[in-house]
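Letters A, B, ... are given to chains in the order of the sequence lines, protein chains preceding strands, and every chain is numbered from 1.
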Amino acid sequence: MSSDSVPTEPSDFIRDLVARHVTEQRYPKIVTRFPPEPNGYLHIGHAKSICLNFGIARENAGQCNLRMDDTNPAKEEVEYVESITTDVQWLIAGWADHCLGLKPKGATPAAQTVNGQPDFHLAPADQSKFQNPNSKIAVEPFFASDYFDQLHGYALTLIERGLAYVCDLSPKETDEYRGAPDRPGRDSPYRHRPVAENLDLFARMRAGEFPDGARSLRAKIDMASPNVWLRDPLLYRIRHTAHHHTGDVWCTYPLYDYAHCLSDYLEGITHSICTLEFVDHRALYDWILGALDLPRPLPHQYEFAKLNLGYTIVSKRRLLQLVQEKIVTGWDDPRMPTLSGLRRRGVPAAALRRFVTGVGVTKFDSLTDVAVLEHAIREELNAAAQRRLAVLRPLRLVLTNLAPGEKVECAATNDPQSELPTTRQIALTREVWIESEDFAEVPPPKFFRLKPGGEVRLKYACIIKCDEMVKDAAGHLVELRCTADLTTRHGQPNADKKVKGTIHWVSAIEGVEAEVRLYDRLFTVPEPAAEEDFLKVVNPKSLEVVTAKLEPALAAARPGELFQFERLGYFTPDAKESAAGRVVFNRTITLRDTWAK
RNA sequence: UGCCCGAUGGUGUAAUGGCAGCACAGGUGACUUUGACUCACCUAGUCAUGGUUCGAAUCCAUGUCGGGCAGCCA
């Protein structure tokens with residue numbers, strides 16, 4: 001299947017629901033959001049969420065806002081804001097760019113009146129203006145921290161309505177009072193403070209009069225609720241910490257449950273899609289929005305199962321550990337399942353989208369076989385990659401019937417999958433490199449490649465016969481001496497002569513050398529996250545570096561270009577460590593190999 | 001022993017009361033100047049028990065198994 005014949009539009013229970021809402025004309029426009037916390041790099045698990053949220057937007061002529069869910073200044077950094085923005089744009093490029101919700105830099109929700117009621121709204125921005133390359137408008141993602149003023153105002157409303165109170169319990173005491181899932185909690189002694197006192201204390205919290213953790217603002221719901229998230233959850237905590245986006249304006253910060261539903265509302269989100277662990281929070285999401293009597297339609301939360309991938313860790317905390325303990329070279333190490341790692345490794349964004357579509361969206365907690373990802377990558381690369389010849393582990397082969405300076409020009413196909421394939425010239429010379437694996441002195445059964453006295457075709461060139469092995473004093477094979485039958489070249493009388501095997505080769509005269517990094521899976525077990533210590537199952541052979549022999553055209557390869565080294569796999573120049581005149585190649589993935597099995 | 005969510009081949013999913021289908025993986029063969037790609041064929045499934053129904057993967061009941069929830073993380 002070629003990359004332009006991607007299967008039909010996906011369907012799943014969330015898309016079905018959205019389709020129903022569209023039919024009912026429940027909303028003027030479908031607006032979703034992708035809300036990462038900028039405390040780490042995006043990974044393949046996020047790709048599922050991104051493709052779902054942007055997919056729904058593009059299938060319904062809607063919009064998907066990129067929003068930094070940045071309510072915890074202790075963990076968040078600008079570095080992550082930047083990487084997240086880059087990664088999202090890369091993943092959706094050419095597919096859902098037109099649905100990407102960004103906003104003019106610095107924009108915050110505007111006050112308005114709806115049905116006679118005061119309201120705030122950060123209206124969907126006109127994306128077409130931003131997409132004009134001549135646009136002078138600086139844009140940025142949405143930030144939950146841009147709503148701190150409005151969030152504070154809503155908190156005052158809740159206090160005034162007797163629906164929130166300032167609590168003086170310490171974190172430890174709060175825990176004790178909350179009870180347990182099978183045991184009801186007890187009311188805080190501060191639960192019935194008068195409104196005026198709550199207002200005063202909340203103002204003083206904001207003014208910085210109290211140390212971290214001394215007081216909190218809590219919703220007044222039900223300490224006996226079977227849903228622990230409804231047992232007077234915290235809305236605000238005190239943190240004397242500067243924030244990456246708001247600086248030192250605030251020392252009180254809202255918590256996720258309070259900030260998220262209201263951020264959705266302020267942006268006019270219609271469908272707030274998150275993962276299963278938030279199912280229990282939905283009651284709180286609805287309670288907060290319901291308690292405020294907001295004038296516009298309320299967003300609703302829907303949940304799906306996050307991605308689990310075999311032989312892979314998909315957890316920001318553990319990924320950070322791999323980086324910090326230098327098990328990998330960074331967040332963008334090509335072995336990492338981060339979007340930046342996959343990109344650097346040579347995985348096209350379209351392959352990730354294809355993969356995610358194949359996995360589907362359900363509420364079942366599953367473990368997807370890596371083979372599904374690998375298949376999606378090969379499908380995409382088979383259509384996109386230019387073919388080249390390279391030898392990873394060279395063995396010298398001398399064609400004894402060719403003169404030392406002789407060059408036999410051969411036409412090699414660049415793009416066999418294309419309707420009008422193009423070719424390039426490569427020169428066959430007296431000395432060439434072949435893959436050492438392609439010769440066996442004692443061949444196993446059904447071995448198609450070169451063996452003593454055997455024949456094999458050099459791809460794009462001619463059939464050769466192995467006459468002699470040359471070994472060193474220690475008995476190691478150092479060279480093969482063969483005879484080339486030039487009459488079996490393309491266009492020659494014996495071109496159609498059949499041999500069982502065809503192997504790749506590189507001219508020892510014209511070829512160039514380059515570092516090639518061969519990657520394997522990072523973990524040795526299918527479910528590293530289930531391990532007591534996942535660092536113990538790191539694959540010690542996840543990276544092998546070789547000096548390969550490449551056909552000369554490869555010396556000019558640029559980052560972003562995708563190649564298939566024939567019979568070996570897909571490779572791409574490393575964008576970070578390649579320099580002019582010194583290309584470093586990353587192996588994205590091997591070719592499927594049914595012989596090795 | 002509280003609340004919530006879920007269970008379809010080895011894996012991931014579809015079937016929305018009416019023929020259990022697709023993809024991946026695995027196997028066999030064809031093709032092949034990539035042991036790739038492509039093509040053909042094969043293997044293999046409704047958690048259990050009861051009920052409703054002409055008819056149940058689907059609805060109901062009970063059970064079993066798995067996952068989530070007790071951060072001033074998101």
Measure CD/A/Glu9 against C1'/B/rC22 and give the value in whole Å, please. 17 Å

Quick one: sort the A/Tyr80 and A/Tyr41 rings into parallel, tilted or perpendicular, breaks at 30° and 60°. perpendicular

Where each residue is assigned the nucleotide of RNA chain B containing its nearest heavy atom, which of A/Val279 and A/Thr488 is assigned the position nearer the 5′ end? A/Val279

Please verify the inter-ring angle class for A/Phe143 with A/His244; under 30° counts as parallel, over 60° as perpendicular, anything in between as tilted. tilted

Using both distances under 3.5 Å as the test, list the Watson-Crick or G-U wobble partner of B/rG17, or none. none

Between A/Phe202 and A/His152, is the gap from one ring center to the other below 6.0 Å? yes

Quick one: is A/Thr362 getting a side-chain N or O under 4.0 Å of the B/rG12 phosphate, OP1 or OP2? no

With syn defined as a glycosidic angle within 90° of 0 and anti as the rest, where does B/rG68 land? anti

Under a 3.5 Å cutoff, is there a donor and acceptor pairing between the side chains of A/Asn198 and A/Tyr190? no

Could you tell me how far apart A/Leu562 (CG) and B/rA36 (P) are, to the nearest whole angstrom? 22 Å

Side-chain contact check for A/Asp365: nearest option of B/rG67, B/rA25, B/rG12 is B/rG67

What is the per-nucleotide protein-contact pattern of nucleotides 69-74 of chain B, from the 5' end, where B denotes a base atom under 4.0 Å from a protein heavy atom, S denotes such proximity for sugar-phosphate atoms only, and - denotes neither? SBSBSB

Watson-Crick or G-U wobble partner for B/rA40, using a 3.5 Å limit on both distances? B/rU28

Rounding to the closest angstrom, what is the interatomic distance between B/rC19 and B/rC24 at atom C1'? 25 Å

Which nucleotide in the list B/rG6, B/rU11, B/rG35 gets nearest to the side chain of A/Lys363? B/rG6

Please name the nucleotide paired to B/rC22 by Watson-Crick or G-U wobble geometry with both distances under 3.5 Å, or report none. B/rG12

Tell me the partner of B/rC73, counting only Watson-Crick (N1-N3 plus N6-O4 or O6-N4) or G-U wobble (N1-O2 and O6-N3) with both under 3.5 Å; none if nothing fits. none

If pairing means Watson-Crick or G-U wobble with both distances under 3.5 Å, then the partner of B/rC47 is B/rG63

Below 4.0 angstrom from OP1 or OP2 of B/rC24, is there any side-chain N or O of A/His375? yes

Interatomic distance at P, B/rG50 relative to B/rG68, whole Å: 32 Å

So is the aromatic ring of A/Phe364 stacked onto the base of B/rA7, judging by whether the centres are under 5.5 Å apart and the planes are under 30° apart? no

